[in-house]
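Worksheet for the structure shown next.
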Amino acid sequence: MHHLSEQELIRRQTLEEMRASGLNPFPAEAFKVNTNSKLIKEGFEQNPEAFQDLSLAGRVMMKRIMGKASFAELQDGHGKIQIYINRDLICPDEDKELYNTVFKKWIDLGDFVGVKGYAFKTQTGETSIHVSELKFLSKSLHPLPVVKTDADGKVHDAFSDPELRYRRKHVDLLVNAQVKEIFIKRTNIIHTMRTYFNSNGWMEVETPVLQSIHGGAAARPFKTHHNALDIPLFLRIANELYLKRLIIGGFDGVYEFGKMFRNEGMDRTHNPEFTSMEIYIAFKDYLWMMEMVEDLLEHVSKTVSGSSIVKIGNNEINFTKPYKRLSMYEAIELYSGIQVDGKTESELRELCKQHHVKQDESYGFGKLVDALFGHFVESHLIQPTYITDYPIEMTPLAKKHRSKEGLVERFELFVNGKEIANAYSELNDPIDQRSRFEEQLKLAERGDDEAMALDEEFLEALEYGMPPTSGLGIGIDRLTMLLTGQEAIQEVLFFPQMKPQAKDHHSA
RNA sequence: GAUUCCGUAGCUCAGCUGGUAGAGCAAUACACUUUUAAUGUAUGGGCCUUGGGUUCGAAUCCCAACGGGAUCACCA
């Protein structure tokens with residue numbers, strides 16, 4: 001138990017006084033509501049008669065007491081509304097305790113109350129509730145930050161410390177209205193995507209989070225242990241191989257929204273667990289997938305933002321299809337003048353050294369190309385742009401390009417300088433897949449710690465035959481950041497991972 | 001991981017070149033029957049992140065730890 005502040009002590013004392021007087025600070029019975037703050041504010045003007053018999057409930061966020069009449073602000077799930085409380089109206093008899101003691105003294109900011117009454121306009125024109133009944137619903141023992149907005153819309157005493165905001169998201173959500181909007185949008189994004197997929201007949205599925213081989217991506221995993229089997233298990237870094245096994249099993253289209261776990265660095269764009277959406281469609285290729293993705297994103301943007309143009313920082317991103325397409329080699333040449341095609345690994349390494357591009361001896365041809373791309377191109381790709389046709393070495397799960405030697409049928413979608421989607425024509429030749437895994441093992445021996453592991457079960461599944469398939473992965477957190485104009489992943493996660501808090505030295 | 005800045009009341013912040021703390025809001029008390037960052041008067045509230053050091057004296061200077069922000073590198 002931490003040391004109680006003066007204000008916390010006072011609230012606990014108030015709690016005792018309430019109990020002593022017979023007023024339950026945490027009553028069990030439901031309080032029936034028939035409206036909410038938003039409905040009243042949006043509807044009262046046009047149809048005042050419909051707002052004469054109201055019952056609503058929420059937190060008291062502000063009290064303005066003026067003797068025998070007071071104003072307060074009530075916040076419910078839809079916003080805030082002002083309530084007007086007149087002593088002689090809520091206490092028509094001699095007993096004025098409800099007003100003088102319960103309302104004025106015992107109700108603290110953050111407490112829940114239920115009110116009944118009718119809507120009206122105050123002298124200054126604000127739609128408010130004229131309260132005839134007041135019921136105490138729940139006590140708040142921990143004071144909330146009091147954030148005020150003045151007539152010019154300027155926010156005073158904002159609850160703005162990022163660490164506190166992230167650690168106490170419940171407080172952030174309560175006092176910073178725009179935070180809630182981000183999460184409503186996030187849910188809408190996911191809902192819209194799901195509806196789009198379902199309407200095409202693709203099926204939502206679930207695949208294992210605990211995996212004995214962490215395949216499907218290049219990343220360091222979290223390791224755990226299963227006691228009964230006495231085997232190590234890993235939290236998934238990807239679900240790709242399982243979803244392909246479902247395509248092998250005969251589904252035409254499967255998708256999964258799910259958490260992935262990567263045991264790597266944390267910063268404003270990386271959380272150890274993050275949400276990805278992966279979808280696999282049989283009898284399609286990556287060219288088809290590009291058309292699907294641009295159609296999907298335009299649709300999602302319009303549905304959740306009302307526009308296909310989204311502002312982020314100083315940039316205006318236009319999600320209207322179609323998107324620009326550039327092969328990886330074209331992109332590198334365009335932004336650096338370097339021609340990659342036909343170069344050898346050692347020639348590329350020399351070029352990297354010349355341009356101070358980070359690389360080391362473990363890098364194969366593919367990673368050197370990727371290093372050049374990251375150095376010269378990525379930050380320029382502000383408007384949605386498909387980068388296509390990647391070197392075979394860096395993409396062991398994609399099908400060889402139908403016409404270009406040494407490349408695979410892959411694209412990544414870049415928006416605002418960051419990758420938000422990755423897709424292939426999936427490799428379905430089990431012989432080729434085995435040799436690609438073996439190439440990965442060689443890279444691992446050279447010291448590439450991101451090289452992929454060989455998965456015998458997956459290879460066996462492939463041998464049964466997989467139809468030509470296109471697969472896509474979209475980072476949902478990143479997409480949400482884009483569509484809500486946020487620059488930190490912590491802003492789009494309810495509970496971002498935080499370092500453990502320092503111990504309280506004052507506690508016994 | 002590297003660089004850099006920061007850590008003062010419940011919240012947002014002042015505290016200059018070292019002399020053991022201030023404001024607004026919140027809280028407490030009183031006044032006030034249409035206010036809205038309500039107002040007026042009064043009051044209480046701080047191991048100044050932690051641990052060392054320099055000094056007669058440290059919130060202030062130095063070192064370290066812990067926590068955080070920003071930028072860069074890697075990953076989605």
Side-chain angles (χ1 to χ4, degrees), chain A residues 3-11 13-14 61-73 80 82-90 99 104-105 108-110 120-126 128 130 142-168 171 175 217-220 237-238 259-278 357-358 367 370-371 374-375 412 418-422 449-450 473-479 481 487-490 498-506:
Chain A
H3 174 73
L4 292 176
S5 70
E6 180 196 33
Q7 294 191 37
E8 289 170 307
L9 287 169
I10 288 168
R11 289 192 180 210
Q13 205 177 306
T14 302
M61 298 302 278
M62 187 76 79
K63 277 166 84 181
R64 290 184 281 273
I65 296 173
M66 294 163 303
K68 298 179 187 65
S70 298
F71 288 91
E73 279 168 26
K80 284 185 198 171
Q82 180 170 261
I83 60 175
Y84 173 72
I85 298 184
N86 183 303
R87 187 193 68 179
D88 297 326
L89 265 158
I90 64 166
Y99 183 79
K104 277 169 75 174
K105 294 198 167 175
D108 288 310
L109 301 188
F120 75 112
K121 283 225 173 210
T122 62
Q123 288 180 351
T124 48
E126 179 162 348
S128 308
H130 207 278
H142 205 115
L144 286 167
V146 179
V147 180
K148 299 189 171 189
T149 308
D150 65 22
D152 302 326
K154 196 173 174 233
V155 177
H156 299 260
D157 302 319
F159 179 59
S160 58
D161 181 298
E163 185 189 1
L164 287 176
R165 287 184 48 233
Y166 300 155
R167 282 193 194 281
R168 300 186 197 151
V171 176
V175 303
R220 281 186 293 165
I237 56 173
K259 285 276 183 75
M260 303 300 151
F261 306 84
R262 298 192 182 176
N263 207 342
E264 293 170 342
M266 292 164 49
D267 57 30
R268 72 203 177 289
T269 54
H270 296 86
N271 196 62
E273 56 182 287
F274 64 98
T275 302
S276 95
M277 191 296 301
E278 297 243 343
V357 176
K358 203 200 141 200
K367 273 194 97 168
D370 195 38
H375 186 264
E412 291 188 307
K418 295 190 182 77
E419 181 210 329
I420 66 157
N422 182 20
D449 59 1
E450 292 178 347
I474 293 182
I476 295 298
D477 312 290
R478 296 280 174 84
L479 179 63
M481 286 165 68
E487 311 215 13
I489 198 167
Q490 289 77 15
M498 303 291 285
K499 288 191 191 177
Q501 273 182 295
K503 278 189 181 148
D504 187 344
H505 296 284
H506 309 298

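We name chains A, B, ... by the order of the sequence lines, and we start the count at 1 in each one.
Remark: the separation of the P atoms in B:rC25 and B:rU41 is 11 Å, to the nearest Å.
A donor N or O paired with an acceptor N or O is not found under 3.5 Å between the base of B:rU34 and the side-chain atoms of A:Glu126. Within 3.5 Å, a donor on the side chain of A:Asp157 pairs with an acceptor on the base of B:rG24, or the reverse. If you check distances only, the side chain of A:Glu6 does reach the base of B:rG44 with a donor-acceptor pair under 3.5 Å.
Residue A:Gln123 places at least one side-chain N or O closer than 4.0 Å to OP1 or OP2 of B:rU35. Here A:Arg268 reaches the OP1 or OP2 of B:rC72: one of its side-chain N or O atoms lies under 4.0 Å away. Checking the phosphate oxygens (OP1, OP2) of B:rA37, no side-chain nitrogen or oxygen of A:Lys148 falls inside 4.0 Å.
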Just the dot-bracket of RNA chain B, please: which string comes out with Watson-Crick or G-U pairs under 3.5 Å, [ ] for crossing, | for another strand? (((((((..((((.....[..)))).(((((.......))))).....(((((..]....))))))))))))....

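Of all nucleotides listed (B:rU33, B:rA29, B:rU35), B:rA29 comes nearest to the side chain of A:Lys105.
Taking the six-membered ring for Trp and thresholds of 30 and 60 degrees, A:Phe120 and A:His130 have ring planes more than 60 degrees apart, a perpendicular arrangement.
Once rounded to the nearest 0.5 Å, the distance linking CE of A:Met66 with CD1 of A:Ile85 reads 10.5 Å.
A:Gln82 has its side chain out of reach of A:Met62: every pair of non-hydrogen atoms, C-beta onward, lies at least 4.5 Å apart.
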